[in-house]
Number of protein chains: 2
Amino acid sequence: MNDLVTSTDLASEADEPKTLAEAAYRQLRRDIIEGVHRPGEKLRVEHLKDQYEVGAGTLREALQLLVTDALVVAQGQRGFRVAPISLDDFADITRTRVLLETSALQQSIELGDDTWEANVVAAFHMLSRAEDKLVDGAKGTREEWELRNRAFHEVLISACPSRWIRHFQNILYHQSERYRRLSLFRQPIPRDVHAEHQAIVDAALARNSAEATRILSDHILRTLDAVRQLPADFIS
Amino acid sequence: MNDLVTSTDLASEADEPKTLAEAAYRQLRRDIIEGVHRPGEKLRVEHLKDQYEVGAGTLREALQLLVTDALVVAQGQRGFRVAPISLDDFADITRTRVLLETSALQQSIELGDDTWEANVVAAFHMLSRAEDKLVDGAKGTREEWELRNRAFHEVLISACPSRWIRHFQNILYHQSERYRRLSLFRQPIPRDVHAEHQAIVDAALARNSAEATRILSDHILRTLDAVRQLPADFIS
DNA sequence: ATAATCAAAAATCTCGAGAAAAGTTGTTGA
DNA sequence: TCAACAACTTTTCTCGAGATTTTTGATTAT
């Protein structure tokens, strides 16, 4: 049932890294998203090439790839640094996500076939299971939940034929994931997220486009409100 | 009057290239957009490094930067090639542009101040002048028109506070520009584009958001219809 | 004490050569 | 004649050292 979903992103993602540069890229991306490298931190090639066990030029390429995702900024002749964060930026990311994701969902609902429906309920089921394990608080369950949450949102819009919207949505998801992890967001669990997901699934399967996009919109925007109520030194 | 506009893109663009890699990147981008390197064409590093007079590693970096703009695709261990084109892709690009650009215009109309209005009329004036010269058919006037057309569309949404929307819109504009130049589109001039631009300006200054976005939407989508009526070997 | 100037140090950027992989051609055997 | 295998050529990928640029720290003059 898993392989119903086929990854057709612009930057093909799913498969194994075929080159050292790409491997370093993925490790670096993971470390940045998880906050190992702090926002605004300078990324010195000479220092990192040992840590990631690649040559200088190779690491350089990995950094360039991260510029694509806007997780790293390159400044002229002054090297690289981790993209800074701000509340304004997160608000921007969230609103843009709403714009893209609602449009994508609308098209998905319009065009999705039986297989899409099956994928949606399957992904929702996986996510629900992950939520059950989450209350126990065992280690690694949070990681699992993040993955399945991402998969759920991805499957929802998987029937949207626009590769560009999915591409941009993908970038924004990485961005907001960074904010989510960086913030004290590691709090217990998001609110009654389960009910919201359930409502989205119901509306989607009922082909109620207006309702589904409305709920999804609220769902995404709620994370913005949550971050707004965080301590001010969040920007770090 | 010109410096009213401040470039605040994610990937800062306006200034001079500060590095060899970036210089090569811009030349390559220009050549790809103008069709010097055809869609699907293989981009061999060994051959291009002489042509652009940089080292192999440097050219490699330039190619990576182009992957960001989705003008070049990198395949695992099999080098780079110019991103292929298709009618479906162009349709996708155009529709996504409509989604982003109308949203941006709506916010611009809502938030734009006097300076924004001044920039809009100024850019429109520059564009109109370029159209006048265009009928003479002197060389280089087409280039000038493209630049000012781009500037006009950029200024229109310049009051949109979302850096992300402007960033994505920027990428898509490059993409559609490639299609426009690649196609036989070099035809006389787009239709009565002037009247459409005029109508957009009027609606924007009247703060008639619904009207302005409707016209802009039609305006962008019309280019899609034009391409649809091109010979089939357009995909080349 | 503050500001400007200049030299040392660190980091980035660039390059060409060597290692690994992919693609091509020619040969052998059924 | 066709398919499979092997050696060769081409291309990509990787690495470390040298050249430029930026940054830091100390010195001097106002």
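Throughout, protein chains are lettered first and strands after them, A, B, ... in sequence-line order, and every chain is numbered starting at 1. A quick note: this is a predicted structure, and the numbers were derived from the prediction, not measured.
For the pair B/R81 (side chain) and B/L43 (backbone), a donor-acceptor distance under 3.5 Å is absent.
Heavy atoms of A/G57 sit nowhere under 4.0 angstrom from any nucleic acid atom.
The distance from atom CZ of A/R81 to atom C1' of C/dT12 is 13 Å, rounded to the nearest whole Å. Atom CD of A/Q64 is separated from atom C1' of C/dT14 by 14 Å (rounded to the nearest Å). Rounding to whole angstrom units, CD of residue B/Q75 and C1' of C/dG23 are separated by 13 Å.
Near DNA chain D, defined here as any heavy-atom distance below 4.0 Å, there are no residues from residues 41-52 of chain A.
Legend: side chain to side chain donor-acceptor pair (under 3.5 Å) pairs involving residues 66-75 of chain B, not counting sequence neighbours, sorted by first then second residue: A/T68-B/T68, B/Y25-B/D69.
Along DNA chain D, the nucleotide closest to B/Q77 and the one closest to A/A56 are compared, and the more 5′ of them pairs with B/Q77. Residue whose closest nucleotide on DNA chain D sits further toward the 5' end, between A/R78 and A/V54: A/V54.
You can see that DNA chain D meets the heavy atoms of chain B within a 4.0 Å-exclusive cut from D/dT11 to D/dT14, reading 5' to 3'.
B/E143 CD: more than 12 foreign heavy atoms inside a 6.0 Å radius.
The cationic atom of B/R180 (NZ for Lys, CZ for Arg) lies less than 6.0 Å from the six-membered ring centre of B/Y173 and within 45° of the ring axis.
Considering only heavy atoms from C-beta on, A/R178 stays 4.5 Å or farther from A/H174 through its side chain.
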